[in-house]
There are 2 protein chains.
Amino acid sequence: MIVVIAGEETAPKTNVRDRMTRSAAVLFGERGFSGTGLRDVIAHSSTPRGSIYHHFAGGKAELAREAVRHAAGAVAAPMDDAARDGDPVAMLHAWAGHWRAALTDSGFRAGSTVLAVAAEPEEQTGARAAAAAAFAGWADAFAAALHGAGVRRKKAARLATLAVTAIEGAVVVSRARGDTLALDHVERELEAAIAAARRS
Amino acid sequence: MIVVIAGEETAPKTNVRDRMTRSAAVLFGERGFSGTGLRDVIAHSSTPRGSIYHHFAGGKAELAREAVRHAAGAVAAPMDDAARDGDPVAMLHAWAGHWRAALTDSGFRAGSTVLAVAAEPEEQTGARAAAAAAFAGWADAFAAALHGAGVRRKKAARLATLAVTAIEGAVVVSRARGDTLALDHVERELEAAIAAARRS
DNA sequence: GTCTATACGAAGATAGAC
DNA sequence: GTCTATCTTCGTATAGAC
């Protein structure tokens with residue numbers, strides 16, 4: 001979410017930190033946590049080199065936690081927009097559509113920041129809890145929509161976990177293949193699973 | 001697959017290379033490709049330091065390709081054993097059971113070698129094609145079992161993609177959470193999806 | 001085949017001037 | 001807040017002795 005303060009002439013204090021966070025999210029998703037250097041983040045965000053430890057006193061681990069939180073929100077935003085109808089299928093399409101666009105727009109270089117960080121151990125990233133919270137946030141939002149559409153609460157929770165894991169997995173498989181076939185298949189099968197759950 | 005040659009007294013030529021490959025597969029799965037150094041592989045496999053470039057002239061990229069192939073086979077083995085009955089549900093249980101055991105036995109440090117390599121770009125790993133082939137191999141084997149159980153060929157292919165992506169995703173989420181809940185949910189929902197596909 | 005030694009660059013992180 | 005300079009450790013990879 002971008003907050004614009006009316007009439008502000010100078011850049012907000014958080015500008016540099018935000019740009020670093022955004023670039024870190026992109027690069028961690030593309031190259032992984034260990035595969036991305038702080039120098040890469042500086043170069044990608046065009047921010048001052050000497051100030052990264054001023055903005056992120058906790059070093060790379062703090063940057064990873066912020067990047068994961070940012071990425072979690074960036075994925076949740078289109079889902080939340082679509083959730084206003086209360087239709088879980090619309091939510092699924094917004095969710096899958098976000099990744100289809102990210103993959104094709106980047107020439108299949110984009111990847112999930114959250115998954116990339118979660119794929120490396122806590123000792124390296126220091127961001128395991130943030131990644132787990134991101135997965136849980138997506139699942140909870142989707143489960144709420146499913147429950148609102150008449151799916152039993154426990155069934156909705158399981159189906160939401162299936163959606164989170166399959167979509168995150170489909171992003172990786174699609175990237176490896178260089179096409180969106182895996183994402184297409186997952187989207188269609190999840191839609192069928194939602195329809196079946198609503199009937200029962 | 002492990003081949004034991006009867007009566008062989010000395011270690012086979014491939015012994016050191018195999019141990020390096022196995023350790024690389026474990027460590028890439030746990031720490032990611034960039035997060036694992038060749039020194040880590042040497043230490044974990046207790047192999048001679050000076051010989052890694054003798055066995056893997058292509059360097060770390062060649063090691064990654066071999067590790068991915070090895071990991072692909074290690075996951076396919078329990079699936080193939082269960083597939084002898086031709087029951088896709090038994091295959092699913094063997095598949096999920098393999099990961100449940102790997103996660104709990106390792107204190108939730110184990111991870112998917114294939115996913116870890118696929119989550120980093122080709123320019124870093126040099127193993128994108130091997131990862132894509134591993135995903136495709138699992139999906140094709142599962143799709144064949146589904147088709148043998150009466151699921152239309154195209155539906156079977158889509159459902160198999162759902163299974164591959166969801167299980168790989170569930171391993172990451174389970175690791176981040178420190179429990180097998182995501183894997184449990186995915187296994188149960190995939191079982192329901194298989195049952196629904198056989199009815200239609 | 002395996003060894004030691006090392007090249008060469010980059011990693012994360014810090015110090016202290018301004 | 002941002003700079004430059006630097007510390008220390010580590011990365012992959014290679015050379016050449018044995």
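Numbered from 1 within each chain, the chains take letters A, B, ... in sequence-line order.
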[X] [atom1] to [N] [atom2]: how many Å, rounded?
| X | N | atom1 | atom2 | value |
| --- | --- | --- | --- | --- |
| B:Leu27 | D:dT12 | CG | P | 12 Å |
| A:Phe56 | D:dT2 | CZ | P | 12 Å |
| B:Arg31 | D:dG11 | CZ | C1' | 14 Å |
| A:Met20 | D:dG1 | CE | C1' | 10 Å |
| B:Arg49 | D:dG11 | CZ | P | 14 Å |

Once base and sugar-phosphate atoms are separated, protein heavy atoms under 4.0 Å mark nucleotides 7-14 of chain C, 5' to 3', with B, S and - as ----BBBB
So, is A:Ser51 close to the D:dG1 phosphate, meaning a side-chain N or O under 4.0 Å from OP1 or OP2?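 Answer no for this pair, as no side-chain N or O of A:Ser51 is under 4.0 Å from OP1 or OP2.
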Report yes if at least one side-chain N or O of A:His54 is closer than 4.0 Å to OP1 or OP2 of D:dC3; otherwise report no.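 Checking D:dC3 against A:His54, no side-chain N or O comes under 4.0 Å of OP1 or OP2.
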Side-chain (A:Glu30) to main-chain (A:Gly111) donor-acceptor, under 3.5 angstrom: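 Not confirmed, A:Glu30 side chain does not pair with A:Gly111 backbone.
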[X] and [Y]: side chain donor to acceptor below 3.5 Å:
| X | Y | value |
| --- | --- | --- |
| A:Ser112 | A:Glu168 | yes |
| B:Thr180 | B:Asp184 | yes |
| B:Glu66 | B:Thr21 | no |

Which ring pair (Phe, Tyr, Trp, His ring centres under 6.0 Å) pairs, counting each pair once, include a residue from residues 141-177 of chain B, with sequence neighbours left out?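 For residues 141-177 of chain B: B:Trp95-B:Phe142.
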Measuring from B:His93:NE2 to B:Arg100:CZ, what's the distance to the nearest 0.5 Å?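 Output value for this atom pair is 9.0 Å.
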